[in-house]
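Sequence lines set the chain letters: A, B, ... in the order given, protein chains first and strands last, and positions in each chain run from 1. Quick caveat, the model's predicted, so the values are computed rather than measured. The basis for the numbers below is simple: all heavy atoms, side chains too, and nothing from hydrogens, waters or symmetry mates.
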Amino acid sequence: MSKQKQSEGQTSVNNPADATLKSGKKRKRAAPKLEAGPLKGFAGKVTKFNEDDSIVAAPAEIHKEPVIDIAVTGYHSHEAEERSKRSQDQTSAKSVPKLRHRKTRPADTNAGVIKQPDYPRANKSREAVPPHLLKKRDALLPIRKSLPIWPQADTIKSSLKKNNILVLTGETGSGKSTQVPQFLASEPWCTKCIAITQPRRVAAISLARRVAEEMGTFMGGQSPAAKVGYSVRFDNATGPGTKIKFLTEGMLLQEMLRDPVMSQYSAIVVDEVHERSVNVDLILGFLKNLVEQMENGGSSKRKDPLKVVVMSATADVESLVKFFEDSRAPSSSALNAQIERRISTCFVEGRQYPVKTTYLPEPTQDWVESALKIIFQLHYKEPLPGDVLVFLTGQDAIEGLEKLVNDYAEGMDKDLLALPLFAALPQHAQQRIFQSTPFRTRKVILATNIAETSVTVPGVRYVIDCGKSKIKQFRNRLGLESLLVKPISRSAAIQRQGRAGREAAGQCYRLYTEEGFKTMDERTTPEILRCDLSQALLTMKARGVHDVLNFPFLDRPPREALEKALLQLLHLQALSDDGSISDVGLKIAKFPLTPTLGRVLVEAAKPERDCLLDVIDIISALSVENVFLNLVTEERKEEAEEARREIYRREGDHLTLLVTVQRYAEEQTDRKVWCEKHFVSHRAMQNVMNIRKQLQQQCTQLKLLSPDDDQSSSAPSEARSQAILQSVLRGFISNTARLMPDGSYKTLIGNQIVAIHPSSVLFGRKVEAIVFNEFVFTGKAWARGVSAVQLDWVSEVVESVM
DNA sequence: GAGCACTGC
């Protein structure tokens, strides 16, 4: 395949002619091996693949779990325009016309990122849907008809006529994400919009694009007639005609805060529920309450019913049905007890090739070595094509194995290429997994669990699974999070294994024994059971749930965790003494920030502090990771220290970040060059500017900021530096420590010893007290994002809280 | 003188 073809990535499956061509080849290889899958609970149940099936086996899924946002190369002119608009937002300041740049204040230099729907081509497009859209739609119809979910359309429609809730289980490749919204859109009860939630931005965007094509309509803001749109942070592509709207879970939650009865929607489809993000758990709880309220007569704001479709990949139908069936606590009124809510269920088969699974005979500690052996065995035994995907725990193991594979391959033939894949890898390096390799070269992709759900690696036939992953765990007692290597669950192991059977029959090597597999947990522990709950609880309070302890949780967190979070919110004054949400709390809940950072923002807006714009800059920088590039060699590190000297501030990391953001925003000629010169991540800074702009807008809406407030661009005076750090302290009172006689630091709350992380500008310095952004435990307790503060400031805040 | 799985508003 030519390089150009490869770079088109997703597009090739969008083009039916191309798809036929490609799968024509694929069919030859795959057809003889098709048979029922060897494992129970595994989606290898398809026994017959006719010609059409094999043509369409992939597209819907490829769209559903798209690769990293590769630009889709053009086949529609407006798509191309839309794309170039988007890519402009993301490219360096260099590509933004200078004229526009000079005219704007620093605060606005990233103008255009938060897209307001406008219809530049409205006059042209209002007339009629262009023929090429209709042609495309017609070409896609036979593909849609051959999806496993297609025959279920009538069942799905009629069950939603009868009941308000449908639990739909559809395995990988069933086509549920693209088809279900279309089935619902033409139903008589569906007079308003349909929302479909997704855990990830890329999924929301590419699904919307696909459904727009299938329906032969424009996308989002392209035309008022567009029926399909999406809404993700910084990018809203919806219009007045939007009937089907894909959005991230976080976006729907924000909408729920503004409009608790979801008055613009006739139906809400919650997809990928099995991933069990905190947000999905909140959404399901809110929806259960809302449906209950509607069935009990509705509210003044809403009378028509709300239909809810819950879609999940694994077979956890029972727990979902039970969750929605249960009416309120038995003690509630007799009326409630009489209501017997009926929930419809539906199961759709997936489409997946069989995968042969092999276990180790004996357990091993050294996955890297076992993986290496298997990689080379496979390479010599199995014919090409067929790439290998290895699941490892983190960057260290990946880089270690990468070196080993490339070293060994060097000594033999040069036809095995190891490629790392993890989130912290720069975008261009991640893209290498999609590029074509030299003739007769086999790729070995070494990945973290980014490849489990977020990125679909093409061409994989062999999976090697170490059976572990790193998991962040919140420890209530200490109030700190730590990252631990833990065994994965059986469902995660099955998910990893499935990655070998997406394009043809495959093989999976598990670097553990069959006994080991059996002792794994069945499911991954839902996030809500292992994270800090303060943000989730504040969202609930803001949404009008007063009794959070009795919120309908799909999995109820331990009482201790809930109480800990409530206490934290009380300390932040987000809650009043009686537990109801305060004005401060309502403000904090509206920001896309943790309650602690939100509290800092609100504090900075007080007249006696008056440093809101500066604090927004700092918070924006704290919201992304690694503004400063991590350098490997000693030489480069020294170079960076020297180059950054002019932006480093003795007061600590918060003010250093402030100066960095200010300088970057002031830079009028070439921000990318400025970043390179100071060893700052340009990608991170672009993100910082997006967040900064959003926070400034939100502060203006909340009247914390007036539109004519001047953007300060000078480094802050000493008085303002104090105000900034005192505002930070107000949110981070539990993240403070004081210097002990022996030179160590001990936290004021909890008496925990912490050390200043070497990445801090305060590393190695001794000051009377510190406030820090983050507390990480990796062999030793580290404070990261540290600033020096006066001990009496800390005491002052502690006294006001206690 | 250390090291960081992955999302998202």
Heavy-atom side-chain proximity of A:Asn773 to A:Arg784 below 4.5 angstrom: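 Heavy-atom side-chain distance check fails, nothing below 4.5 Å.
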Chi angles and distances behind the side-chain hydrogen bond (donor to acceptor under 3.5 Å, both in side chains) call for A:Tyr265, A:Glu255: CA-CA 11 Å; A:Tyr265 299 108; A:Glu255 290 188 5; 2.5 Å; yes
Selected nucleotide, minimal atom distance to [X] side chain, candidates [options]:
X	options	value
A:Ala423	B:dT7, B:dC9, B:dC4	B:dT7
A:Gln395	B:dC4, B:dC9, B:dA5	B:dA5
A:Gln535	B:dC6, B:dC4, B:dC9	B:dC9
A:Arg201	B:dG1, B:dC9, B:dA2	B:dC9
A:Asn449	B:dC6, B:dC4, B:dG8	B:dC6
A:Pro758	B:dC9, B:dC6, B:dA2	B:dA2
A:Ser454	B:dC6, B:dC9, B:dA2	B:dC6

Report the distance from atom [atom1] of [X] to atom [atom2] of [N], rounded to the nearest whole Å.
X	N	atom1	atom2	result
A:Gln694	B:dG8	CD	C1'	11 Å
A:Arg276	B:dT7	CZ	P	20 Å
A:Met540	B:dC9	CE	P	21 Å
A:Phe474	B:dC6	CZ	C1'	19 Å
A:Glu641	B:dG1	CD	C1'	11 Å
A:Leu282	B:dC9	CG	C1'	12 Å
A:Lys486	B:dC4	NZ	C1'	18 Å
A:Asp271	B:dG8	CG	P	15 Å

Check ion pair A:Arg276-A:Asp555 (N to O, under 4.0 angstrom):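 A salt bridge links A:Arg276 with A:Asp555.
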Cationic N near anionic O, under 4.0 Å, A:Arg599 to A:Glu603: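 Salt bridge flag = yes for A:Glu603 with A:Arg599.
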Is [X] touching bases, backbone alone, or none of the nucleic acid, heavy atoms closer than 4.0 Å?
X	answer
A:Ile450	sugar-phosphate
A:Val776	nothing
A:Ser469	nothing

Whether [X] contacts [N] is assessed here as follows: a side-chain N or O lying under 4.0 Å from the phosphate OP1 or OP2. Is that the case?
X	N	value
A:Thr248	B:dC9	yes
A:Thr453	B:dC6	no
A:Arg200	B:dC6	no

Under 3.5 Å donor-acceptor, A:Gln473 side chain and A:Arg530 backbone: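 Such a contact is absent between A:Gln473 side chain and A:Arg530 backbone.
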Closest-nucleotide ordering on DNA chain B, the 5'-leading residue of A:Gly250 and A:Thr448: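 Result: A:Thr448.
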Of A:Arg530 and A:Gln254, the one whose closest DNA chain B nucleotide lies more 5':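 In this pair, the answer is A:Arg530.
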A:Tyr512 and A:Phe517 aromatic ring geometry - parallel, tilted or perpendicular at 30°/60° bounds: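 Taking A:Tyr512 first and then A:Phe517, their aromatic rings lie parallel (interplane angle under 30°).
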